[in-house]
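Heads up, the thing below is written out as structure tokens.
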Protein chains: 2
Amino acid sequence: MGCAVSVPLYQAKAEFFKTLGHPARIRILELLSERDHAVHELLEKIAIEPSNLSQQLAVLRRTSLVVFHRQGGEVIYSVSVPEVRDLLLAARSILSGLIAAQGDLESELSPTLRAQ
Amino acid sequence: MGCAVSVPLYQAKAEFFKTLGHPARIRILELLSERDHAVHELLEKIAIEPSNLSQQLAVLRRTSLVVFHRQGGEVIYSVSVPEVRDLLLAARSILSGLIAAQGDLESELSPTLRAQ
DNA sequence: ACATGAGTTGCGCAGTTCTTCAAGTCGTGT
DNA sequence: ACACGACTTGAAGAACTGCGCAACTCATGT
């Protein structure tokens, strides 16, 4: 493949991970990877202001991780890249490994974090 | 879901992705997932200030993604969680999908962004 | 035409993160 | 004991994000 990309790949990767680096956005992607949701449905399940939700959706749209379409009065979002689900799962497994390891160390110091 | 958690999992995930959301840190992880590196070796391959590199290493250390040990005069870093490699690969494949898709659309609209 | 529910956008402030410079620590060789 | 290379830490300003409020758009129902 010809292809030295001029926006170096590692920078694109960083951008990509940045868009995943926010609790609300993670939550949204998790919900959408179960099934499509209208904005007001997301709103019921994620406790944030409508405008805030809208902004987070805009971030996800900008990186094309989600797409939307109108249907009657509502706007329906869906994940555009199904593999995102795998990525989230991979992250969870790494994460639980890390937490378990730290838990071992910290269980004496701060028992607070343990239960996941 | 049994599981009300003190640090909700999706928040921990977001934190995790945040630590991946920086070009230098991605670069470091990529290099370390090939083989262990001393700091000055990383410095040769990543064009940033020593102190900056050190800070980014500190971020990765804080989340336990890397570990280090001294050996003579140098400090050697290694990835502590080998699965990180898979995660980076997964990200790359999603990313190249996205870039390919966007490239198709944008090549006619804004040739500006392309090479870069 | 108007009101209403569903979403989005613009803006300003508060809080974070990045980056650089200067100063500090820790080993090794002399 | 001293100097030097290899790193790390601290601090401060710039740059960026996140959040809520108010204003706006758009489609539907009356």
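Treat the numbers as computed from the prediction; the structure is a model and nothing was measured. Just so you know, these numbers use all the heavy atoms, side chains as well, and skip hydrogens, waters and symmetry mates. All chains are named by letter (A, B, ...) in the order of the sequence lines, taking the proteins before the strands, and each is independently numbered beginning at 1.
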Starting at atom [atom1] of [X], determine the distance to atom [atom2] of [N], rounded to an integer number of angstrom.
X     : N      : atom1 : atom2 : result
B:L20 : C:dT17 : CG    : P     : 14 Å
B:H40 : C:dT28 : NE2   : P     : 14 Å
A:L42 : C:dA6  : CG    : P     : 14 Å
A:I28 : C:dG7  : CD1   : C1'   : 13 Å
A:L60 : C:dT8  : CG    : C1'   : 15 Å
B:L43 : D:dT8  : CG    : P     : 10 Å
B:E74 : C:dT28 : CD    : C1'   : 12 Å
B:H37 : D:dC7  : NE2   : P     : 12 Å

For this session: Counting heavy atoms from C-beta on, name the nucleotide in C:dG7, D:dC7, C:dT8 closest to the side chain of A:A38.
Result: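 Given the options C:dG7, D:dC7, C:dT8, the side chain of A:A38 is closest to C:dG7.
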
For this session: Identify the two heavy atoms, one from A:F17 and one from B:A91, that lie closest to each other, and give their separation to 0.1 Å.
Result: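 Here A:F17 and B:A91 meet closest at CZ-CB, 3.5 Å.
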
Is the closest side-chain heavy-atom distance between [X] and [Y] below 4.5 Å?
X     : Y     : result
A:E15 : A:T63 : no
A:L53 : A:I28 : yes
A:V66 : A:V81 : no

For this session: Find the distance between CD (B:E30) and CG (A:L9) and round it off to the nearest 0.5 Å.
Result: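 With rounding to 0.5 Å, CD (B:E30) is 7.0 Å from CG (A:L9).
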
Problem set entry | Pair A:K18-B:H22, side-chain donor/acceptor within less than 3.5 Å |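 Result is no, nothing qualifies.
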
Exercise. Who pairs with B:L89 by side chain to side chain contact (heavy atoms under 4.5 Å, CB included), at least two apart in sequence or on another chain?
Worked result: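 By the side chain to side chain contact (heavy atoms under 4.5 Å, CB included) rule, B:L89 matches B:R92.
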
Under 4.0 Å between a side-chain N/O of [X] and OP1 or OP2 of [N], yes or no?
X     : N     : value
B:R70 : D:dA6 : no
B:Y77 : D:dA6 : no
A:R61 : C:dT9 : yes

Exercise. Touch check for A:F68, heavy atoms < 4.0 angstrom, all strands: base, sugar-phosphate only, or nothing?
Worked result: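 It contacts nothing in the nucleic acid.
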
Filtered N/O pairs between nucleotides 17-22 of chain D and protein, under 3.5 Å:
from	atom 1	to	atom 2	distance (Å)
D:dC19	OP2	A:H22	NE2	3.0
D:dC19	OP2	A:N52	ND2	3.4
D:dC19	OP2	A:Q56	NE2	3.3
D:dG20	O6	A:Q55	NE2	2.6
D:dC21	N4	A:S51	OG	3.0

